[in-house]
K.L.:
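Please read through the structure below; I'll follow up with questions.
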Amino acid sequence: MAKFNRYLITAALPYANGPVHIGHLAGCYLPADIYVRYLRAKKADVKFIGGTDEHGVPITIKAMQENVTPQDIVDKYYKIINESFAEMGISFDIFSRTSRQVHHETAAAFFLKMYNDGRFEEKESEQYFDEVKQMFLADRYIVGTCPVCGNDRAYGDQCERCGTSLSPEELINPRSALSDAVPVKKKTKHWYMPLQDYEPWLREWLLEGHKEWKNNVYGQCKSWLDNGLQSRAMTRDSNWGIKVPLPDAEGKVLYVWFDAPIGYISATKELTPNWADYWCKDDTKLVHFIGKDNIVFHCIIFPAMLKAHGGFVVPENVPANEFLNIEGEKVSTSRNWAVWVHEYVKDFPDQQDVLRYVLCSTAPETKDNDFTWKDFQDRNNNELVAIFGNFINRTMVLMHKLCNGKVPAFHADVKDAKDDALMNALQEAKQKIEDALENFRFRDALQEMMNTAREGNRYLQEKQPWILAKTPELQAENQKLIDNCLHLCLQLTANLAIFSNPFLPFTAKKICHMLKVVDRMLEWENAGSLKLVSVGYSLRPPELLFKKVEDEQVKAQVDKLHAGLKKSAAVTTPATPPPAPAAPPKAEIQFDDFAKLDLRVGTIIQAEKVEKADKLLKLLVDLGTEKRTVVSGIAMHFKPEDIVGKQVTLVANLAPRKMRGIESQGMILMAEDNGKLVFVNPAEMVSPGSGVS
Ligand SMILES: [Zn+2]
């Protein structure tokens, strides 16, 4: 009994301020596409919604950096992003933009309905204002010194060196990123959504009602709810975005995380006049595919908005993925440590399915995972070429050679246990793939698909039709065995086209072409059937489905990655998130200012991770006469066991600060080389406590 009669599948809206990289693909677009292709093959009523998020601070910052208008930026990147997805076969029914009229109208009406129903609190607060530029500064526009690691280019919302989440108030010496002026506090009015009012409903709907959600998603939501929700401003001071549709709201726009998810609704409206069937009828299954950084917005804030507005379905599942690292390092668009999709399709023409295969095989479904070019090569050469491609190629070649290029008959009188075993394996595989896909376990489903090809190879190897054909005196008898073997192998090939279609759509089409069957064969109801290609039907000659990836190609890609990294450090042409503007030289100081610093060399004698803070290490530093506890945001750069015994330079007279409940009594000096942190220490070992001057 199907509870749902239609599906509405969304994939996170990427910011139109940079191209998409393979981490984006692996995180949500590929899994969403696999799921949608499977649903379409099941002939489900499904709409797949995507588009670009064209509002918000990252867009305006990028525009300022490139000295163009925000509109120029979003036009440029919408095109690149849209093409990248199309080339990779991400089969959106619509790929819209939040700058379109339909979205401005939809989002404004959504806000107004909530406003008229009394869903907002109007509050005045003090926010940083740039008197030179005459504008309020979003957190990202404020830079200053990170209180945790001392990075003097930390943002008002986060330090990108140590990863600590910050508020502008926590920055030491805050400055405007636009004018370098010291910002002043000024009163401003905004509309807040009291999220705490929705907490009982969220607990019932999500924590009680959706225990089946992925652990990483459920756990994050639970911890948000357990920490208590607060009112959150749903408007911002800016001139780029959707204007707040109220008379007294000059210079105010909707918060980008208020408007962006409404973009799913606007895009559906743009796609079909029947959009309300998908958004307002209870028998719709709404699924949001996102990366883990967007969980709170899709599982808490947007559902609360939908609930507050009323009349909409809420998500049935939010299968968020973790992050994909590249060659062992976190993707960083600002450092250009990324594999860009639009470059991949140029470097590997007609090999989209290889990337789709590798990204699905290593998808960060339950934890962060790593992409390496070596693994890309291995999976292509050892799995796609050697198992999947090899089975289908051998089947086609042997059929042309031993069966005159026509689908041979199946002779039930000589059927044996091996034939039965293969047929059973096919039925089991179908069931397992279906279960895995229904439950968002795409890696398992893909592996099962590959195992089916593996079974095919084993079967061919056991049957050895080429040997059967080599004994002329038994030719007539053996032909029946040869026929049975290749008949089954051809039916299996057709099934592999159906199984692989959600993952490898380009390959599935090629197989259909070779088998001279129409795409309709790929419908899921045909999976498991042994009557997919008809006896006596003549087939096309085999074409190679996959080719080897050579060592030189791997080397070229790894070199490109490293070369790109250096280039970006020199020229600074970053995408999201934007880097801090180049730090201006600091003002001249007098010797007296310098002399105020008490710098001392100490030895790290203990180091441990700080619980629930993956960036922080708690260090005990021996200064000879005393030992100091120092909390340092270097946990992403050093393992505790590697740094015990190292000498470091400590700012010993910095006022103590509490971090995660631990009093930090000093700050360790670090040199930063292109994102890599290095301790500043004397050229030779010195006694702990030695002064530096
Ligand atoms: Zn920091």
Side-chain angles (χ1 to χ4, degrees), residues 8-13 15 47 49-56 59 94 96-123 189-198 201-202 205 229 231-282 284 286-288 290 294 296-316 318:
L8 182 62
I9 310 300
T10 72
L13 308 182
Y15 267 133
K47 296 282 182 250
I49 307 296
T52 42
D53 179 353
E54 307 199 343
H55 298 132
I59 308 278
I94 183 164
S96 187
R97 316 174 58 171
T98 60
S99 59
R100 286 185 181 155
Q101 184 68 22
V102 59
H103 177 64
H104 276 250
E105 286 166 13
T106 305
F110 197 110
F111 180 91
L112 207 55
K113 164 96 167 59
M114 281 180 65
Y115 175 84
N116 288 332
D117 292 347
R119 300 290 188 176
F120 293 116
E121 298 164 344
E122 228 173 89
K123 282 203 257 187
K189 181 173 73 179
H190 284 288
W191 288 270
Y192 288 70
M193 190 173 165
L195 289 172
Q196 62 278 11
D197 291 0
Y198 303 87
W201 173 75
L202 284 165
W205 164 69
L229 300 177
S231 292
R232 200 169 169 122
M234 291 296 158
T235 55
R236 290 289 188 271
D237 292 291
S238 173
N239 50 17
W240 180 249
I242 293 167
K243 298 208 166 0
V244 172
L246 297 174
D248 54 344
E250 193 58 35
K252 317 252 178 216
V253 296
L254 301 185
Y255 172 42
V256 69
W257 271 112
F258 184 87
D259 104 62
I262 298 173
Y264 301 136
I265 303 175
S266 327
T268 317
K269 273 188 183 175
E270 191 183 339
L271 174 67
T272 167
N274 302 326
W275 68 272
D277 287 355
Y278 294 88
W279 277 101
C280 308
K281 289 191 177 170
D282 283 343
T284 296
L286 170 62
V287 180
H288 296 306
I290 55 168
N294 291 342
V296 64
F297 301 107
H298 286 79
C299 300
I300 294 191
I301 299 179
F302 187 46
M305 285 165 57
L306 292 168
K307 178 79 180 159
H309 182 284
F312 289 116
V313 294
V314 288
E316 192 56 31
V318 185

K.L.:
Would you call the rings of Phe258 and Phe110 parallel, tilted or perpendicular, where under 30° means parallel and over 60° means perpendicular?
P.N.:
perpendicular
K.L.:
Hey, could you give me the CZ/NZ distance between Arg100 and Lys269, rounded to the nearest 0.5 Å?
P.N.:
15.0 Å
K.L.:
Might you point out which heavy atoms bring Leu202 and Cys299 nearest each other, and give the distance in Å?
P.N.:
CD2-O, 4.0 Å
K.L.:
Heavy atoms only: give me the nearest Leu13-Ala260 pair and the separation to one decimal.
P.N.:
CD1-O, 3.3 Å
K.L.:
Please name the pair of heavy atoms, one in His55 and one in Thr98, separated by the smallest distance, quoted to 0.1 Å.
P.N.:
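Heavy-atom minimum between the residues: CE1-O, 3.1 Å.
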K.L.:
So which atom in Pro245 and which in Leu112 form the shortest heavy-atom distance, rounded to 0.1 Å?
P.N.:
O-CD1, 3.4 Å
K.L.:
Do Pro303 and Pro315 have side chains that approach each other closer than 4.5 Å (heavy atoms only, starting at C-beta)?
P.N.:
yes
K.L.:
Measuring from atom CZ of Phe312 to atom CG of Leu306, what distance do you get when rounded to the nearest 0.5 angstrom?
P.N.:
6.5 Å
K.L.:
For the pair Tyr15 and Ile59, evaluate side chain to side chain contact (heavy atoms under 4.5 Å, CB included) and give the outcome as yes or no after the intermediate values.
P.N.:
CA-CA 8 Å; Tyr15 267 133; Ile59 308 278; 4.2 Å; yes
K.L.:
Distance check, rounded to the nearest 0.5 Å: Ile290 atom CD1 versus Phe302 atom CZ?
P.N.:
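Nearest 0.5 Å value for the CD1-CZ distance: 11.5 Å.
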K.L.:
Treating Thr52 as the side-chain partner and Glu54 as the backbone partner, does any N or O pair qualify as donor plus acceptor under 3.5 Å?
P.N.:
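No: the side chain of Thr52 does not pair with the backbone of Glu54.
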K.L.:
As a test of understanding, state which of Thr235, Asn239, Asp237 forms a side-chain hydrogen bond (donor to acceptor under 3.5 Å, both in side chains) with Lys252.
P.N.:
Asp237
K.L.:
Going by the angle between their ring planes, with limits at 30° and 60°, are Trp201 and Trp205 parallel, tilted or perpendicular?
P.N.:
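It falls in the parallel class, under 30°.
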K.L.:
So how far is it from Met193 CE to Arg232 CZ, rounded to the nearest 0.5 Å?
P.N.:
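Here the rounded value is 11.0 Å.
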K.L.:
Can you see which heavy atom on Ala267 is nearest to which on Ser96, and at what distance?
P.N.:
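Closest heavy-atom pair between Ala267 and Ser96: CB-CB, 3.7 Å.
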K.L.:
Around atom CG of Asn116, are there more than 12 heavy atoms of other residues, nucleotides or ligands at under 6.0 Å?
P.N.:
yes
K.L.:
If every non-hydrogen atom of Ala107 is compared with every non-hydrogen atom of Asp259, which pair is closest and at what distance?
P.N.:
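Closest approach of Ala107 to Asp259, heavy atoms only: CB-CB, 4.4 Å.
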K.L.:
Hey, are the side chains of Val313 and Tyr278 touching, using non-hydrogen atoms and a 4.5 Å cut-off?
P.N.:
no
K.L.:
Is it true that a side-chain atom of Ser238 and a backbone atom of Gly56 form a donor plus acceptor pair closer than 3.5 Å?
P.N.:
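Checking the backbone N and O of Gly56 against the side chain of Ser238, no donor-acceptor pair under 3.5 Å is found.
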K.L.:
Working note: Ile301 + Leu195, criterion side chain to side chain contact (heavy atoms under 4.5 Å, CB included); need CA distance, chi angles, decisive distance, verdict.
P.N.:
CA-CA 7 Å; Ile301 299 179; Leu195 289 172; 4.0 Å; yes
K.L.:
Given side chains that start at C-beta, do those of Val314 and Leu286 come closer than 4.5 Å, heavy atoms only?
P.N.:
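With C-beta onward as the side chain, the pair stays apart.
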K.L.:
Quick check: do Leu246 and Phe111 have side-chain heavy atoms less than 4.5 Å from each other?
P.N.:
yes
K.L.:
Any chance you could measure Ile242, atom CD1, to Ser99, atom OG, to the nearest 0.5 Å?
P.N.:
9.5 Å
K.L.:
With heavy-atom distances below 4.5 Å as the criterion, would you say the side chains of Tyr115 and Glu122 are in contact?
P.N.:
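Counting from C-beta outward, Tyr115 and Glu122 do come under 4.5 Å.
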K.L.:
Apply side chain to side chain contact (heavy atoms under 4.5 Å, CB included) to the pair Leu229 and Asp197, showing each step before the final yes or no.
P.N.:
CA-CA 8 Å; Leu229 300 177; Asp197 291 0; over 6 Å; no
K.L.:
side-chain hydrogen bond (donor to acceptor under 3.5 Å, both in side chains) with Tyr264: which of His103, His298, His288?
P.N.:
His298
K.L.:
If only atom types and distance count, is the side chain of Thr268 paired as donor or acceptor with the main-chain N or O of Trp275 below 3.5 Å?
P.N.:
no
K.L.:
Quick one: list whatever passes ring pair (Phe, Tyr, Trp, His ring centres under 6.0 Å) with His190, sequence neighbours left out.
P.N.:
none
K.L.:
Before giving the answer on side chain to side chain contact (heavy atoms under 4.5 Å, CB included), spell out for Phe297 and Met305 the whole-Å C-alpha distance, their side-chain angles and the decisive distance to 0.1 Å.
P.N.:
CA-CA 10 Å; Phe297 301 107; Met305 285 165 57; over 6 Å; no
K.L.:
When you measure from the side chain of Thr272 to the backbone N and O of Asn274, does any donor-acceptor pair fall under 3.5 Å?
P.N.:
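Yes; judged by distance alone, with no hydrogens or angles, the pair exists.
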K.L.:
The criterion is ring pair (Phe, Tyr, Trp, His ring centres under 6.0 Å); which residues satisfy it with Tyr198, sequence neighbours excluded?
P.N.:
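Once residues adjacent in sequence are excluded, Tyr198 has no partner under the ring pair (Phe, Tyr, Trp, His ring centres under 6.0 Å) criterion.
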K.L.:
Distance from His104 atom NE2 to Leu254 atom CG, nearest 0.5 Å?
P.N.:
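One finds 9.0 Å between NE2 of His104 and CG of Leu254.
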